[in-house]
Amino acid sequence: MTKKKIIVAPLNWGLGHATRSVPIIESLIENRFTPIIASDDDSLQFLKKEFSSLETIQLPSYHIKYGKNLRWNLLLQTPKILKAIKKEEQVINNFINADDEVIGIISDNRFGVTSDKVKSVYITHQLQVLSGITTFFTSKIHQKFINKFDECWIPDTLNSDFSGTLSQAKTIKIPKKYIGVLSRFKKETLTKEVDILIILSGPEPNRSKLEYKLIEKFSNFKGTVVLVQGNIESQQKITEENNITIFNYVLSSELEKLINQSEIVVCRSGYSSIMDLAVLNKKAFFIPTKNQSEQEYLAKYMEERNLAPFCKEDDFSIEKLAEIKNYEGLKSEKTKFNSGLFSLFQRK
């Protein structure tokens, strides 16, 4: 019997793109497709741990690095990123040419993971790429890449409840589908055993810089604090520092339980984190990455909608957590996919 193989390829920039691929992969399996995971570095290792039986493809890394000025650093890295995009396009097409059971591609923000032999879907919540005075140009460049695909799936409601203006654009030529809020988690009513849960991931050195700051700030906190670093390593490690329990990483089932058991979650205002916390109906405090326009916008958007407070990294203090009581918290229903979402896929 011929397998209906779908390549699922999340960008490796933090773990957000990989984690929101989990419900897509699960739904493909439920609908009798055979997912093939394609990514690199931490995102690939994370998905290998989540789906150990699935075939994988090693893609070239974009090696995106932060700096004091994110926009300028991304501009300097453009030649390297374009080279990686070209290489991943070659890797994907070589794979498809060698395997006629591949009938589709789902790319989460990987520009080169597309093919003229199978239908290709692009997942993004950023039809508008905010970059200050260059927003018009960065958005146009992104939209040019999007239009190379057959469909664009937007992980949000039709009203863009969580992505706001980011997911609104009239210049996308291919069909757009607002597929609802994506999360690997489900809400459970559990005894609250964690007062503060800190979840950190993302490119270095920004991730470690915030970690050091938060460990210092919570060192004398009178309550239970758990920190999940988001460092994907061969073995899970659990350590104690300044009365804080630190996990190098946790799998989805463990993190789901930790979040359900927590009173407050402190994390970056990454879009995948917002969707996860909304599905779990959590109270959150956001600390956006400095000079990352998307996270800064999303943090302000959540505050404007009275869902969650935020502050700049340098301004964070324990006392600011008291602001949470004035906010409603994040709430959303988890999306349930039907088989019709995947009706697009076929060899061309």
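Only this structure's heavy atoms are used, side chains among them; waters, hydrogens and symmetry mates stay out.
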In the structure I gave you, are the side-chain heavy atoms of Leu255 and Thr19 within less than 4.5 Å of one another anywhere? no
Looking at side-chain heavy atoms only, is the closest gap between Val228 and Ile198 below 4.5 Å? no
Verdict with supporting geometry, Phe285 and Phe316, ring-ring contact (aromatic ring centres under 6.0 Å, His included): CA-CA 10 Å; Phe285 191 97; Phe316 180 79; 5.7 Å; yes
Is there a side-chain contact (heavy atoms from CB on, under 4.5 Å) between Val181 and Val279? Walk through the geometry before answering. CA-CA 8 Å; Val181 173; Val279 165; 3.8 Å; yes
Show the nearest heavy-atom pair for residues Pro288 and Ser269, with the distance to one decimal. CB-OG, 3.3 Å
Once side-chain hydrogen bond (donor to acceptor under 3.5 Å, both in side chains) is applied, do any residues pair with Asp161, and if so which ones, sequence neighbours excluded? Thr157
Would you sort out whether Asp156 and Tyr271 count as a side-chain contact (heavy atoms from CB on, under 4.5 Å), showing the intermediate values? CA-CA 10 Å; Asp156 202 347; Tyr271 189 63; 3.2 Å; yes
Quick one: pull up NZ in Lys176 and OG1 in Thr124 and give me the separation to the nearest 0.5 Å. 12.0 Å
Could you go through residues 308-315 and list every donor-acceptor pair under 3.5 Å that involves a side-chain atom there, pairing it with any protein atom two or more places apart or in another chain?
residue, atom, partner, partner atom, Å
Glu313, OE1, Arg268, NH1, 3.1
Glu313, OE1, Arg268, NH2, 3.3

Indicate if Val265 and Phe221 have the same hydrophobic cluster label, given that clusters are the connected sets of ILVMFWY residues with side-chain heavy-atom separations under 4.5 angstrom. no
Look at Asp40 together with Arg110 and state whether they make a salt bridge at an N to O cut-off of under 4.0 Å. yes
Under 4.5 Å between side-chain heavy atoms, hopping through other hydrophobics if needed: is there a path connecting Ile264 to Val250? no
Does the side chain of Phe162 come within less than 4.5 Å of Ser332's, by heavy atoms? yes
Using a cut-off of 6.0 Å, state whether more than 12 heavy atoms not belonging to Glu188 lie near its atom CD. yes
With a 4.5 Å cut-off on side-chain heavy atoms, are Lys117 and Asn97 touching? yes
Kindly state whether the ring of Tyr122 and the ring of Phe145 have centres lying under 6.0 angstrom apart. no
Which atoms form the tightest heavy-atom contact between Phe337 and Pro23, and what is the distance? CE1-O, 4.1 Å
Show every salt bridge (charged side-chain N to carboxylate O under 4.0 Å, His left out) that has at least one partner inside residues 299-309, sequence neighbours left out. none
Can you tell me if Lys192 has over 12 outside heavy atoms packed within less than 6.0 Å of its NZ? yes
Verdict with reasoning, Leu197 to Gln261, per side-chain contact (heavy atoms from CB on, under 4.5 Å): CA-CA 9 Å; Leu197 175 61; Gln261 289 178 323; over 6 Å; no
Rounded to the nearest 0.5 Å, the CD1 atom of Ile6 sits from the CG atom of Asn31 at a distance of 10.5 Å
Would you say Thr289 and Asn206 are linked by a side-chain donor-acceptor pair, where the criterion is simply a distance under 3.5 Å? no
What do you reckon, is CG of Asn326 surrounded by more than 12 foreign heavy atoms closer than 6.0 Å? yes
Check: Glu294 and Leu130 side chains under 4.5 Å, non-hydrogen atoms: no
Pairing residues for Glu233 by the side-chain hydrogen bond (donor to acceptor under 3.5 Å, both in side chains) criterion, not counting sequence neighbours: Asn248
List the steps and the verdict of side-chain contact (heavy atoms from CB on, under 4.5 Å) for Gln168 and Leu127. CA-CA 6 Å; Gln168 299 295 324; Leu127 304 183; over 6 Å; no
Can you tell which of Ile92, Ile36, Val8 makes a side chain to side chain contact (heavy atoms under 4.5 Å, CB included) with Ile105? Ile92
Atom pair OG (Ser39) and CG (Leu59), whose distance is rounded to the nearest 0.5 Å: 6.5 Å
Around Lys331, counting heavy atoms of other residues, nucleotides and ligands shown, do more than 12 lie under 6.0 Å from its NZ? no
Ile259, Phe218: one ILVMFWY side-chain cluster at the under-4.5 Å cut-off? no
Value for CD1 (Ile29) from OG (Ser27), rounded to nearest 0.5 Å, stands at 9.5 Å
Is the charged tip of Lys4 near the ring of Phe33: under 6.0 Å from the six-membered ring centre and within 45° of its axis? yes
If we count only N and O atoms by modelled type, under 3.5 Å, do the side chains of Thr224 and Glu193 hold a donor and an acceptor together? no
For a 4.5 angstrom cut-off between non-hydrogen side-chain atoms, does His125 reach Met275? no
Given 3.5 Å as the limit, does a donor-acceptor pair link the side chain of Asp99 with the main chain of Phe95, or not? no
Under the rule for side-chain hydrogen bond (donor to acceptor under 3.5 Å, both in side chains), what residues qualify as partners of Tyr297, not counting sequence neighbours? Thr165
For Lys257, does the NZ atom have more than 12 heavy-atom neighbours from other residues, nucleotides or ligands under 6.0 Å away? no
Name all residues meeting the side-chain hydrogen bond (donor to acceptor under 3.5 Å, both in side chains) criterion together with Glu240; count only those two or more places apart in sequence or in a different chain, and write none if there are none. Thr245
So how far is it from Lys209 NZ to Leu214 CG, rounded to the nearest 0.5 Å? 12.0 Å
Any chance you could measure Glu328, atom CD, to Lys283, atom NZ, to the nearest 0.5 Å? 8.0 Å
Work out which heavy atom in Gln126 is nearest to a heavy atom in His142; give both atom names and the distance. O-ND1, 2.7 Å
Within the 4.5 Å heavy-atom criterion, are Gln236 and Leu251 side-chain neighbours or not? no
Would you indicate whether the side-chain heavy atoms of Phe46 and Val22 approach each other to under 4.5 Å? yes
Do other residues, nucleotides or ligands put more than 12 heavy atoms under 6.0 Å from the NZ atom of Lys49? yes
Tell me if the NZ atom of Lys177 is crowded by more than 12 foreign heavy atoms within 6.0 Å. yes
Using the rule that Ile, Leu, Val, Met, Phe, Trp and Tyr join whenever any side-chain heavy atoms are under 4.5 Å apart, tell me whether Phe247 and Leu227 fall into a single cluster. no
